[in-house]
Amino acid sequence: MKAKILLIEDNEQNRYLATFLLEQRGYEVVPAESGPLGIELAAKVRPDLILLDIQLPGMDGHAVARALKSDPELQSIPIVAVTSYAMVGDREKVFAAGAQGYIEKPINPETFVSEIETFLRPPGTEPAP
Amino acid sequence: MNDDARPMYRKRIVALILVAALLPLAAMVVFATVSARQALEQEILQTAAATARGGALIVDEDIAGKRELLTLFARRRLLNEAVARRDRPGTEGHLTGLAASVLDFERAFVTDAAGTLWAHHPATDPAVLGRSFAAREWFQGASKGRVTYLSGTYERAAKPVRLVYAFAIPLFDPERRRTGYLVVQDSGVRLRQSLENLALPPGGNAALIDHNGRVVFEIGPARFPRAEDLRTRSPCIDAALRGQEKTDTAKFTAGNYIVVCTPARQAGWAVVTYFPTSQLLAPVRAIAWQISIVGLLLLILTGVLAARWAATYARNRQLLAEGERLTRELNAQLDERQREEERFRTVVEAAPNGIVMVNEAGIITLVNAQMEKLFGYGREELIGRPVEVLVPERFRASHPEQRAGFVSAPHARAMGAGRDLFGLRKDGREFPVEIGLNPIATREGPVVLASVIDITERKSAEEQLVRLQRERERILNSVDFGIHGLDRDGKIVFENLRAAKMFDRDAQEMIGQPAHALMHHTRAGGSPYPQSECPIYATLHDGVSRRVEDDVFWRKDGGSFPVAYTATPSFNEAGDIDGVLVSFRDISVRKRAEEALRKLNEELRIATEQAQAADRVKSAFLATMSHELRTPLNSIIGFTGIILQELAGPLNPEQQKQLEMVRGSARHLLALINDVLDISKIEAGQLEVAHEPFDLRASISKVVGIVKPLAEQKGLALRVEGVEGAGDMVGDARRVEQILLNLLSNAVKFTEAGTVALTIEPVMEYVGGAGAAPGPAVRLRVTDTGMGIKPEDLTTLFQPFRQLDSGLARNHEGTGLGLAICRRLADLMGGDVRAESRWGQGSSFSFTLPLGGAPT
């Protein structure tokens, strides 16, 4: 069975684009329009991976990542940040907040899914220590 | 010593005489009892004779003296001339002197040769003038001889009638003719007094008898009838008048007397002493007692006489001693005077001033050594010459007159009264002098002692001083800042013109005024400025120089001006502070400039703040814009990609071609946004580069992998040389790749045919930015065979957006920001990017990076 991916993204077009690419490859995508909703859904659906936009209205991506990583139930779920923030230090900030991966926008539709898959645990394996 | 010895000596003499007199007295008393009467008589006679002889002696001396005096007067030439001229006042002048010369002379007069009186003194009775006295005995006597004739007693003409006698002497003219007679009328008062001093035994009398036998005067209780011719009484008077001493007994109206007559031979008169015989007729014992008493009296008399004689003798000795003492003192005084003179000469000689003594006639009488030195003369050349020899020619004429003026009103003073004085040396040179004059009275008359000082040096020192003062004034007034000097009390001592002008005051008016109260009384803010807080006064107290950059001084009109000043202490020879020198500058201009500068700085600060604020806004705007622009691009590029992958369905070739154009434009737009974002961050200093180890070889192959398909598309050869020289280094791998990609992409973009080559070469001693230490580096050189770059474009090649302006941009895709970003990124990593080109032949871009990364 294909993995479940939580997509936290406020822009409707980008949410659709990512969802389209992932579903094309057979993934189940759970979309969330805001940080708080994303955290709530993460606890509810227990996704295998979380794609997190950093530039979110209200609670930003860094805060969402810290909140997710501070929850013992959810901290093992890998987070990949997808951001148009491409400045020096942005990457470090994202990693510091708890994300495991970093993909710069605009995404490349040809390589996007394969990039994400490197962060997905093979099904049935335990999270890395 | 004499005073002590004298009385003793005197007593001894008196005692000796008394003892000597006592022996005959004792014998006499013994013999008196034997032959009382004769002895007594004899004694009395002897005593009387002795007294009479003493009296005669006195009379002789008196008469002889008066005769002599008259003779001397009669020989006076002036008197004789006056008499010859019958000059009564002149003659009476002489008579006055004659009458005054002896107390007894109560009257003097002159008669003509016939005895007529024509001049007299005192002129109390004018009636006698013209009267003839030819009948007088004195005229009779004098007319017969040539010497002084003494007349007998006669009653004088003037009232009251009194017995007088006269001396008369004939006067002669030069031809020995008798011109008249000089006569003095003698009262005999003094002579009588002298005779009264004679000691007479009790009851004894004495009388002076003139040559006519008439009594001149008597002494004692008994009296002869006045003017009686006593010759009738006793023949012994006649004998005495003839020159024989004679003793007699005579019967007078009062009884019987023993009479002793003694001649006064000079006068031709006689002195008669006489005693009543009744005293001799007493009993023998009584007579003996009387004799004893008389003897004792004699003894006493002898003692008194002896004492008197001794006293006289002692007095003579005393006078002698006194004389000796006076002589000694006189000698001592003379010695002292000599020594004083010696001392005076020594002092004068040693005096530092030239000293010259000049007598009343202007003749030099003394000079000292300094005088010789000053004037170049030896003293023997000066003494005896007029003092004018020392005076320059042009002053010589007036000098004697000035000298006379000084002698007429002499007092010690400076010579010249304000004129400049000069001395003339022997060699003819003149020199300025100062002369003090001192009048001195000497036995030889008034002299002037002049003290001369050579003031040549002093003069020149004074001139030097004046010159220095003028110099000082000139300097003080030439400087461009105010200067004033204060004394220890802070009072102004001097003020230069510049200072006075600043204060709008007269420099002279400020002298002596307290500086603080005058021009420093109030602070810039208007509050009072206590003197105790004034730095100038502090310097006056502690001697430490002070500099004040910003203060105000006050003008006369109450206005102030800003100053910077220094207070410098001045010290006297002892090292004590004796004042302070204040130099100050009006800093109005500077203050205005400072104020203007301050305003400018403030404006600049505000402008800078505004610019920085604007920059922050711009950065925030760019960050936002880049996000906002990329978000829609994300979906454009994403969906275009999905469609081109035909995930959404199959495409025909035309759709495929057009969608690829859409994707190309979207990518260009994205590159443009990224470049603008980068250049903005770099310009704002916000772009940071990583400083971590990476493998350059990997980065090169990655970039070459990207560019290679593009080169192949254009049919260009892409050659990489020396890649084995690349290895591990420190820096920002993404940025290094960005630069390399840019350079290679450009080369491919601008080259239509030929080769694009990448050469990697090591650099040993690379010096990156200024101040960086030399170190190993790597150089990546991208060479193409494109059209090249014009020289004029080479200089602007690395400036942002240049390509947009060049017109070239229209033909070639690109933001025009690539090279600008490359150069700035290379800078950030401690390296550089350079371009070389030949127009039409190709370009070469080299990118050098230190292996150790940018210096931190």
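In this text, all values refer to a predicted model and were calculated from it rather than measured experimentally. Below, chain A is the first sequence line, B the second, and so on; all start at residue 1.
Counting heavy atoms of neighbouring residues, nucleotides and ligands inside a 6.0 Å radius, atom NZ of B:Lys702 does not exceed 12 of them. Counting heavy-atom neighbours within 6.0 Å of B:Lys708 NZ, excluding the residue itself, gives a total of 12 or less. Heavy atoms from other residues, nucleotides or ligands lying under 6.0 Å from CD of A:Glu33 number 12 at most. In this structure, B:Arg834 places its CZ atom where only 12 or fewer heavy-atom neighbours from other residues, nucleotides or ligands lie under 6.0 Å away. Atom OH of A:Tyr16 has 12 or fewer neighbouring heavy atoms from other residues, nucleotides or ligands inside a 6.0 Å radius.
Of all residues spanning residues 633-641 of chain B, those with a heavy atom less than 4.5 Å away from chain A's heavy atoms are B:Leu633, B:Asn634, B:Ser635, B:Ile637, B:Gly638, B:Phe639, B:Gly641, arranged by number.
Both the backbone and the side chain of B:Leu647 come within contact range of chain A, with heavy atoms under 4.5 Å apart.
You'll find the side chain of A:Gln13 stays beyond 4.5 Å of the side chain of B:Pro632, heavy atoms only.
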What pairs of donor and acceptor atoms, side-chain ones from residues 17-27 of chain A against any protein atom, are under 3.5 angstrom apart with sequence neighbours left out?
residue	atom	partner	partner atom	Å
A:Thr19	OG1	A:Arg15	O	2.5
A:Tyr27	OH	A:Glu117	OE2	2.6

